[in-house]
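Note sheet for the following structure.
From a predicted model like this one, the values you see are computed outputs, not experimental measurements. Chain letters run A, B, ... following the sequence lines, proteins first, then strands; residues in each count from 1.
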Number of protein chains: 2
Amino acid sequence: MAMGRPREFDADAALDQAMEVFWRHGYEGATIAQLTEAMGINPPSLYAAFGNKEGLLKAALDRYTAKRAAWMEEVLSAPTARDVAERMLMGTADSQTDPDNPPGCLLVQGGLACGTGSENVPFELAARRALTEDQLRERFVRAKKDGDLKPTADAAALARYLSAVSAGMGVMASSGADREALRQVANVSVKVFEEQSAKR
Amino acid sequence: MAMGRPREFDADAALDQAMEVFWRHGYEGATIAQLTEAMGINPPSLYAAFGNKEGLLKAALDRYTAKRAAWMEEVLSAPTARDVAERMLMGTADSQTDPDNPPGCLLVQGGLACGTGSENVPFELAARRALTEDQLRERFVRAKKDGDLKPTADAAALARYLSAVSAGMGVMASSGADREALRQVANVSVKVFEEQSAKR
DNA sequence: CCACATCTGTAGCGAACGTTACATTTATGG
DNA sequence: CCATAAATGTAACGTTCGCTACAGATGTGG
């Protein structure tokens, strides 16, 4: 049977553009007109490919997390919990002030509170932030088994803490904090892990 | 000369209601219809009293910070930098999970990214967050003079750090973190200040 | 008691929103 | 080369948005 006319735009390239619009303006602040213009397509193409605005957001979030997966692996592969924290927070400071991206983190900027009818959006963002926290917690559980973190260290609390700090850095970055300021926050935050490391 | 018909609603009580709507739905997610209904007034009364939606937000923010001023004084009056940090973060954990309020912090929930035409809103929120950071920095400068913080401690960095952590806690609270989880984050965060305190 | 000033409720304004109908174009399968 | 299937561009749909004109109500100053 016939296959139909092939799509003329690159879905991934279009998603990169959509990602940036959501990142800069938030889910509700981003309009379909802005999105289609940035993506270089017309509304029917958007709706055919992604369903609706929320579907487009989910696709953009998938691409966002996929792009960060490699970096996250590198973070988690650091030798000690302290180094994991340092790589995580320093990398966060840098990426949230990268002039190639909008400031802050898409998973925070996307929208913490939304209007009636978009309640799923904050949920969706929170779920993806939780994934990172889960990875960190598991890594810290391992660090305890490795004898790298004190036996009394609370892996879940430390993961939550890192999650909170990086979210907070996102808030500050979005309101104009520069790279140096975020690195200061990262440096201060890491000290907690030095205190929680096993004596050697 | 004549004074005109007096206003029938209590502006402060109405602002409390508006505050809650902005808090829960964000600036863009809050509609005039929701606001007027919560405030118990009709649109013309809102516009006569506050100018427009953004003016209403500013008035609500003023009331928000005014309500927190007393608490902030109590935080800053703690005897040591460490205690300031503890009161600040524990109080934040509690207020951000207070069932009487929407979760999180209005100054974060209000809107980090907004659509074209509302660019002032994130700015306005950031300015008010910065005020708290300024107060903390000054308090830590004093703590250094008091010999309470190490001479090598960086007051600005510590203030930024506290600001980041409390913003991050707001993000987590808005996505459902409970009081216990936030208190864990607070407890971990405070350890930094113990390390930065002068030996005694 | 009258003239004036301001608030209130109704009702609706123009604009922008997310979304889609429709005709056209461009490919594939037979 | 024709029939089918899917994507495209134009144009517009209905709804909701922030906001306001207007008329009536309610107070104060003279």
d(CG, L46(B); P, dC7(C)) in whole Å: 13 Å

Between P on dC17(C) and CD on E28(B), what's the gap in Å once rounded to a whole number? 10 Å

For D16(A), salt bridge (Lys or Arg N to Asp or Glu O under 4.0 Å) partners two or more places apart: R63(A), K67(A)

Rounded to the nearest angstrom, tell me the gap between atom CD1 in I41(B) and atom P in dG18(D). 14 Å

Residues at least two apart in sequence or cross-chain that pass side chain to side chain donor-acceptor pair (under 3.5 Å) with Q109(A), listed by chain then number, are S174(A)

Just how far, in rounded Å, is C1' of dG9(C) from CE of M39(B)? 16 Å

Could you check how far CZ of R7(A) sits from C1' of dA5(D), rounded to whole Å? 15 Å

Residues that, via side-chain heavy atoms closer than 4.5 angstrom, fall in one hydrophobic cluster with V171(A): V108(A), L112(A), V108(B), L112(B), V171(B)

5' to 3', nucleotides 19-27 of chain D under a 4.0 Å protein heavy-atom cut-off (B base, S sugar-phosphate only, - none) gives BBB--BBBB

Residues in ring-ring contact (aromatic ring centres under 6.0 Å, His included) contact with Y64(B), at least two apart in sequence or another chain: W23(B)

Measure the distance from NE2 on H25(A) to C1' on dA16(C) and round it to the nearest whole Å. 15 Å

Closest-nucleotide ordering on DNA chain D, the 5'-leading residue of A48(A) and A30(B): A48(A)

Between S45(A) and dA7(D), does any side-chain N or O lie under 4.0 Å from OP1 or OP2? no

The side chain to side chain donor-acceptor pair (under 3.5 Å) partners of Y27(A) (sequence neighbours excluded) come to none

Rounded distance in Å - CD (E37(A)) to C1' (dA16(C)): 15 Å

Are F140(A) and Y161(A) near enough that their ring centres are under 6.0 Å apart? no

Output the rounded distance in Å from CG (N42(A)) to P (dA12(D)). 15 Å

